[in-house]
Structures are given as C-alpha cells and as structure tokens.
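Presented below is the structure to which this report refers.
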Amino acid sequence: MHAKAKYRKDYKTPDFTVTDISLDFQLDPQKTRVTAISRIKRLNGESRELRLDGHSFQFVSVKLNGRDFTDYQQNSESLTLILPEAEADQFELEIVTNLEPAANTSLQGLYQSGEGICTQCEAEGFRQITYMLDRPDVLARYTTKITADKSKYPYLLSNGNLVASGDTEDGRHWVEWKDPFPKPSYLFALVAGDFDVLHDVFVTKSGREVTLALYVDRGNAERAHWAMQSLKNAMKWDETRFNLEYDLDIYMIVAVDFFNMGAMENKGLNIFNSKFVLANPQTATDEDYLAVESVIAHEYFHNWTGNRVTCRDWFQLSLKEGLTVFRDQEFSSDTGSRAVNRINNVKFLRTAQFAEDAGPMSHPIRPEKVIEMNNFYTMTVYEKGAEVIRMLHTLLGEKAFQAGMALYIAENDGKAATCEDFVSAMERASGVDLAQFRRWYSQSGTPELTVSDEFDEKHHIYRLNVSQMTPPTADQMDKVNLHIPLKIAFYDESGMSLSLQKDGQTVSDVLDVIHTDQIFEFHNIYHRPVPALLCDFSAPVKLDYDYTTKQLITLLKFAKNEFVRWDAVQMLFNAELRRNLSNYQQGLSLDFSAEILTALYQVLENYSQDVELTTLILTLPKETEFAESFKVIDPEGIAAVRQFMLRTIADNLKELLLKVYNQIRLETYRVTSQDIALRGLKNLCLYYLAFTNLGNNLVNKHYLYADNMTDCLAALNAATKAQLACQENLLSDFESKWQHDGLVMDKWFALQATRPNENVLMNVVQLMDHPSFNFNNPNRVRALIGSFAAQNLKAFHSADGAGYRFLTDILIRLNDTNPQVASRLIEPLIRFARYDAQRQTLMKRALERLSEVENLSKDLFEKIEKALQ
Ligand code: B3K
Ligand code: ZN
C-alpha cells in the first residue's frame, strides 16, 4: 500500500472549523508536552465525524468539553472523533501530545536546531505537533503559552503580540503570545533559544510604530545589519508601490542553522535559514547580499499575499508564491538594475523550470494531483507562477494591475482564496478579457513559438508569421492554445529602431498571440528589419526564429533593450556550442567564429557604458545551461566544447581582459550597485585570464589581496576551474581560516564538488568525513552533495554510473532522516530520459534500487513512481 494522491477537483469545504486555539508547550528537547485546546464549530449540520490530521508524536489524551473522551478511531495519520449530536455544533476539544524535538531530523513540526528549538509547519508540519484540521482554509485565532528552562532558552517567541510572561519556581519561565489575526495552521511558529538581538523601528505610512527584532546566534549580531536594512526597505517599498502596510506591532525574524529551505513567512515571526540573514564583507559574496535582500523582502511581502489573503487549498499554492515572487522581483528591480534582475531570473527559469517541464514531474502552476505537497514547492509554481503574474502585468499595465491587486485584497482579506479569485479580480478591475489567459493555470509544459517573416519591398510591408504549439508533457498529452504576449522591436541594419505602424497608426509592441497560426503586419517599413522577438522574455516560452549570425550581432551591438542584447549573445553562444559539439562528436577540430570574437571584444572595450551588462554578455553559459537546449545531453561533449570556447575567448581577448582587470580598482568594500558591477566584471576578467598563461600568478595574487569574500571566492573558483598550480594551497588556506563557520564552508564544499578533476567523486566522499560537514544539516548536504549531482554535469553522469550509485546511497540514508531534502536531491536522477541509452539504464537501475527501500517516504515515492512510469 502506498500513499494516496489528492486531486484538485475533489476539493470540499471542511465540515468543521477551528475558531480559536490555545496551545501550551512545556518545552524540552527530549520531551515536550503540548496541550491544545480548540473551539470548534460545525459548518455542515449533517456531520458527526471529525477527522483530525496528526502523526509522528505520542498521543496522550483527548477531552471533549472537559470530559475524557473515548469514542474515536486512530490510524497512522489521523484521529477521527465520533461526536455526540448534542454537542457537535460547537464544542471545546483538548488534546495532549508528547514530542521529542531533539530526535526530529525531518526539520518539520517542532525540532531542535543547534541549541535552539523551532518549528516549520508549511505545508503540513503542524500535524506533527498535535491533532488538527491541518488545512489552509481553516483559520483560527492562536494563543501560545511556552514554558521552558530560563537559562537555556531566554527567548521564547511565537506569533502576534506578547501578552504575559513570568517565572516558575523551578528555574523555568513562561510567556504568552496572542495573534489577533486568524490564520491557518501552516503559519504557526514557535522559537526558543538564546540569541543576539538586533532591534529597530519602522514607522508605517499611517504613523504606526512597528518594533523590528532580528534574532541570530550569539556573536553574529554584526552580520545582521544588512538583513535589517533590507527589511526596512521592503516595508517601505510595499507601501509605495503596492499600498500595503504592515499590520502588527512587532515583526520578528529568527535565523536558524538547520532549515530545509530558504525561509518561512510565519505571521509576525519569520524563521530563516541563517544563509539568508547573515552577511558581512568577510563571509558573504555580493550575490549573497542580494539573495538576503530578496528573501527578506519575499517573506515580508507574504504578510499580505499569503497571510492576510491565504490559499484555500494547496493546489492554489502559486496564488501566494507566484505572486510573491513577482513582488520580490519587482522590489529588486526597483531597488537595483531592472535589466540585470530580468536577465538573471530568465536564466534561472530557462534552465531549471524548462527542465522541470520536460521531465517526469511536469505540472501546471496550479497542480491537479499531489501525493506529497512538499514536492510542489517547485520552479513551476514559484518561477513560472511569477511569469504568469508578469504576463498579466504586461497585458494590463501597472495602473490596471494595481487596481486589480487592490480589488483582490479588498475582496479576500482574512480569507482563503483561489487562483480564480485573483484572475477574476484582475479581469473585473481592468476590463481585459482573460478567458483564454486562464489556461496558463491549467496547462503544463513550455509553449514553443515559431516565427518566420516576409518583407514586401514594393508595398513596404513587413509580416511576422507566428505559430504556437505546446508539446505534450509527462502529465498532460493534449494541449490548447494559450494567450501569449509577444513583445517585439524592429531594428534596421545600422541599429536604428523602427516604429511599429499599421494603417498609419502606431501599434503596440506587445502582440497578442492566441491562435495556432497568426500573421502580424507592419506598414511603412522601407528595409528588411532585424526583428527582436520576445523582448524582456514577455512570456515563458521557447522561441524559434532562424536568425543569421549577422542579425544577432546587430542586436548584440545596437539593440536599445539590454535584455535583447544579452539574449542575442545567448543565441550566438548556443549556436557555437551546437556546431562545435557535432564536430567534437565526429572527431573533427573545433573552431570559434571570428565575427563573434570581434563582437565580444568590442563589448568589453566599451565596458564603461554598462558594466553589469558587459559582464552578463561575456559570461559563458554554464554546462547545465547549455545542456538544457538538447534533447539528448552529451555531458562530456558539452564540457569539452565549453572548455574550448572558454579558452578561445580567453586567449583572443587576453590583452584587453588584463587591461580591464587592471583598470578596475576598488578601495574599501561597499555593497553598492556600482561596486558590485565593477567587482563582477573584474572577477570575470580574472576567470578568463585563469585559463591563460597569466593565470597562476594573477589568481594567487588576487586571493592574497582579497579583503572580501566576493574576491576571495572568485580567486578560488578560478583556481579550481582552471586547475591552477596554486589551487591546493588556496583551498587549504581557506579551509583553515573558515572551518569553524559552516555557512562559509558551504562555499568551499560546493567548489570541491564542482571541480573538473577526474577524482572529484572520491574527494566528495572523503569530504563527508570533514569536521565541518554534518549530514543532518541541509545546507551542508546541498553544498557538497547537491552541487555535485546538479552542477557537476560531467562527473555526476560519468559513464560508469559511479555518480548515480553514490547519490542513491545518499538518498537511502536521507529517506530516513530528512525525506524533504532527499526529494530535492533526487531531481537530476529522475530526468534520465534526456541521456543516452547506456546512462538511462544505469539511472533507472538506481531508481529501481531506491523504489525497493523499506519505508520509502511519500516524497521520494511520488517522484520515483512518476519517473519509472
Ligand atoms: N512558504 C515557504 C516555503 C515552504 C516550503 C514548505 N516545504 C517559503 C516561501 O516561499 O516564502
Ligand atoms: Zn514564498
């Protein structure tokens, strides 16, 4: 017997709801006693059976209206009470359970992290604390009393406002928190521990003072300032751009070291993976700083999109996640560079989300069928979900979009809503017909747009023929036409942009693609233009237009839109890789287009015009990024050809790379867009130069003089990727400096795991015994093992199957300790269909071995079953 699937179509409103719940925690890592007293109301007058979710605790007792109650049935995941009719309309239920946080390695429910204790309840972790109607459409008012040892746990936190506290006679103390806003159980949180606390105040636009408190491990306060500043920026931005103001008197963020994902938006008490809070110049890279800012903002934005308006059921997850990712992307774009943010987000989507669409886990942004909900916190629900919101924004424009947001919030505040509620509000507020657009919510897969053009020289007419098609996916054979906003621009050969006209009128640069085949006509065009298609990635689709190298170079050089320039070079790199890969596979010699090299040279020469864009343009896609465009992936071939491209660029641009490298001088480390941009370019130059005869000297020096983590890591990365003589020295220097700090060591573990060396797997296996490694810490596991499996394409897919066997052994261990992390790590293995027959056989064998494991978790079961189907 294995886990049953749930279907979206089977949604039923609950028969009962919890209006108020008061929780009492007698906290202890070995034995915590939880007493939960709920006021429950019957919603469906017919029902006398109350089924509560719960597992993984010791059940002690249940009382109905104060009396011991025995009329229930219990199984491994629920408790069903048969209620006396006389009391069934409204009653009080008291349930007592015992938990052992120290033994809870799943990091769901109540668990120990380092010396502290904390919770993670989304999606269905609350049911590991007590029996509950653990579903997002049951909204209750929570009161939480926590009693614990005062010296070990001086801070006791929960949602809402602190209403009372005191000491007990036996050296313990207690606090009581009350959250005035009804919320689903997944937003409940509790934290106990000893911390350094950073305090601040934010005055909302209506003048209310909000206390901000950031809790970090003792000694880390100085690494929390950036997160605090980010929080204040996010609060301000949400008021200005979305007219949304914070609602409680206090906002708390706690950083913990043991955490399954990035962070969690619990009402008034966010719990964060310390990776997304702690940052100082010595320990965090520029990229880390930006990631902290964006995750802090994301969780804060959930206060409205997620908490005040929550989800009716978990199939609606994208309602809060897609929208909140869109909001955090907009925040980062308004705060930093819009183009750079867009390019980075698109890069991520095109590789990771497109790969998900093409694999066995393919699902629409609003899934239809789920076995383990934690498996659906995906690139599709989050990133593609955000693209769907972005398309709405493109179609409606900022003003109508904000009107739609305001209506959505007004109609659904304090409620559990659906994606349909959101689209409907957008539709009514804007008057735009979204009937066909709605299909983005139910159709999975990556649509393909094929574009061809014709130029009528005599009548000065230019036509674009656009057709759409979505190939079948693992979960859905038949596809329908979507409403796809296709943003375009035309350039002439000299790079002048042409206006879009029809019948003497200027027309929109966003085409509404709605049919299988459509022709768009443009007038008053006197020379055949170079079309820029899918500008800013106006829809999450693949685009096929037969560009010539010359046209792409024109776009790269002249396009006004930064995204178009970057995208043109991606197409150039892809074409070069493809052509050379086929040479490589036939044993022919490799060559790199001189025209492209010249164009790259010119971009670098003019770097001061746009430093960040120069860096993005000159960055060669990673192996995994290149891999995405192939039906059958050749890991060795891609690695070899990419390496060839890298060395060719490095050799040809050497003098200029060195000149730019020397020109860029930064004095003290500052996290400003300007400095980040300059450091990025300097370090990219270093990376290329590492592959030339100057490499060893330069990289060694760069490391020696580095006064910040960005530069230090750039040197280490260059040294290991180019396998320089200095690499071992630098690695061990870094190790001795940082072995006390797990977060910093994660960078080192990830570097080790992605080395191009032949013996990298052996090295990874040995590093699992490193004193800084800890198998129960998800950050360590992801850094070392996750990077190896997901980023080291060549080594993980080594033809003898050693990489697959290694990952399988790891997954078998993780299945028992932390299934959620296991289920993330298995991804590269379930995508076997993209490899050759021999590798496929080995990968399937690995999955079969896993499928026979005793007590296979729902998490792994769901993915393996889909993959082997
Ligand atoms: N909502 C959480 C993610 C919960 C994941 C549960 N497996 C963080 C976020 O998206 O903001
Ligand atoms: Zn989120």
Side-chain angles (χ1 to χ4, degrees), residues 106-109 111 118-128 134-136 159 183-189 227 230-231 234 238 251 253-256 258-277 291-311 313-332 345 361 365 367 370-386 388-389 416 419 778 782 818-825 827 857-860 862-863:
S106 75
L107 314 188
Q108 304 179 69
Y111 67 91
C118 67
T119 52
Q120 171 55 38
C121 293
E122 189 178 1
E124 297 176 334
F126 192 86
R127 62 184 67 180
Q128 299 189 34
D134 189 14
R135 44 187 288 171
N159 319 85
K183 64 168 176 287
S185 47
Y186 84 87
L187 289 172
F188 169 77
S230 302
L231 174 62
D238 215 15
Y251 192 84
I253 295 177
V254 183
V256 302
F258 288 67
F259 208 64
N260 279 344
M261 61 267 172
M264 179 62 212
E265 70 264 25
N266 317 300
K267 183 77 187 186
L269 176 56
N270 288 185
I271 300 180
F272 269 63
N273 185 329
S274 52
K275 177 181 164 67
F276 294 108
V277 173
V292 167
E293 182 181 50
S294 118
V295 180
I296 292 269
H298 179 98
E299 305 312 330
Y300 174 72
F301 298 151
H302 267 315
N303 189 55
W304 279 98
T305 50
N307 302 2
R308 286 287 288 258
V309 181
T310 194
C311 297
D313 56 79
W314 288 122
F315 297 99
Q316 317 295 327
L317 180 62
S318 200
L319 173 70
K320 75 175 175 82
E321 295 304 346
L323 179 55
T324 305
V325 171
F326 171 78
R327 277 153 53 67
D328 85 53
Q329 290 177 350
E330 282 301 293
F331 166 71
S332 296
N345 293 333
M361 271 295 287
I365 62 167
V370 166
I371 292 180
E372 170 52 60
M373 189 53 213
N374 285 326
N375 281 340
F376 288 85
Y377 288 75
T378 58
M379 292 292 305
T380 300
V381 166
Y382 276 63
E383 265 60 36
K384 185 179 178 183
V388 170
I389 305 291
C419 296
R782 280 185 289 252
N818 191 332
Q820 216 180 313
V821 168
S823 194
R824 292 269 154 170
L825 252 51
E827 280 296 323
S857 58
K858 287 206 276 181
D859 313 57
L860 285 181
E862 181 167 41
K863 291 193 175 178

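In what follows, every heavy atom counts, from backbone to side chain, and hydrogens, waters and symmetry copies are set aside. Since this is a predicted model, take the numbers as computed values, not measurements. When a ligand or atom number is given, it counts from 1 through the structure's own listing order.
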Among R327, E321, R308, the one residue meeting side-chain hydrogen bond (donor to acceptor under 3.5 Å, both in side chains) with H302: E321
Counting from 1, what ligand 1 atoms have a heavy atom of [X] closer than 4.0 Å?
{"X": "E299", "answer": "8 (C), 9 (C), 11 (O)"}
{"X": "E265", "answer": "1 (N), 2 (C), 8 (C), 9 (C), 11 (O)"}
{"X": "Q820", "answer": "7 (N)"}

H298 contact mode with ligand 1 (heavy-atom cut-off under 4.0 Å): side chain
Sub-4.0 Å heavy-atom contact, Q108 with ligand 1: no
Within-shell test, M373 vs ligand 1, heavy atom, strictly < 4.0 Å: no
The Zn ion (ligand 2) - closest N/O/S atom in E321: OE1
Indicate whether any N or O donor in one side chain lies under 3.5 Å from an N or O acceptor in the other, for [X] and [Y].
{"X": "T324", "Y": "T305", "result": "yes"}
{"X": "N270", "Y": "Y251", "result": "yes"}
{"X": "N818", "Y": "N260", "result": "yes"}

Side chain to side chain contact (heavy atoms under 4.5 Å, CB included) assessment of V325 paired with E383: CA-CA 7 Å; V325 171; E383 265 60 36; 4.0 Å; yes
To the nearest 0.1 Å, how far is [atom] from its closest protein heavy atom, and which atom is that?
{"atom": "atom 7 (N) of ligand 1", "value": "N374 OD1, 2.8 Å"}
{"atom": "atom 6 (C) of ligand 1", "value": "E122 O, 3.3 Å"}
{"atom": "atom 10 (O) of ligand 1", "value": "Y382 OH, 2.5 Å"}
{"atom": "atom 8 (C) of ligand 1", "value": "A263 O, 2.9 Å"}

Polar contact flag for Y377 and ligand 1 (N/O pairs, less than 3.5 Å): no
Parallel, tilted or perpendicular: rings of Y382 and H298 (30°, 60°): parallel
Whether E299 has an N, O or S atom under 2.8 Å from the Zn ion (ligand 2): no
Partner of L317 under side-chain contact (heavy atoms from CB on, under 4.5 Å), chosen from V381, T378, V370, I365: V381
Three-point angle H302:NE2, the Zn ion (ligand 2), H298:NE2, rounded to the nearest 10°: 100°
K858 and E124 ion-paired at < 4.0 Å: no
Y111 ring center within less than 6.0 Å of F258 ring center: no
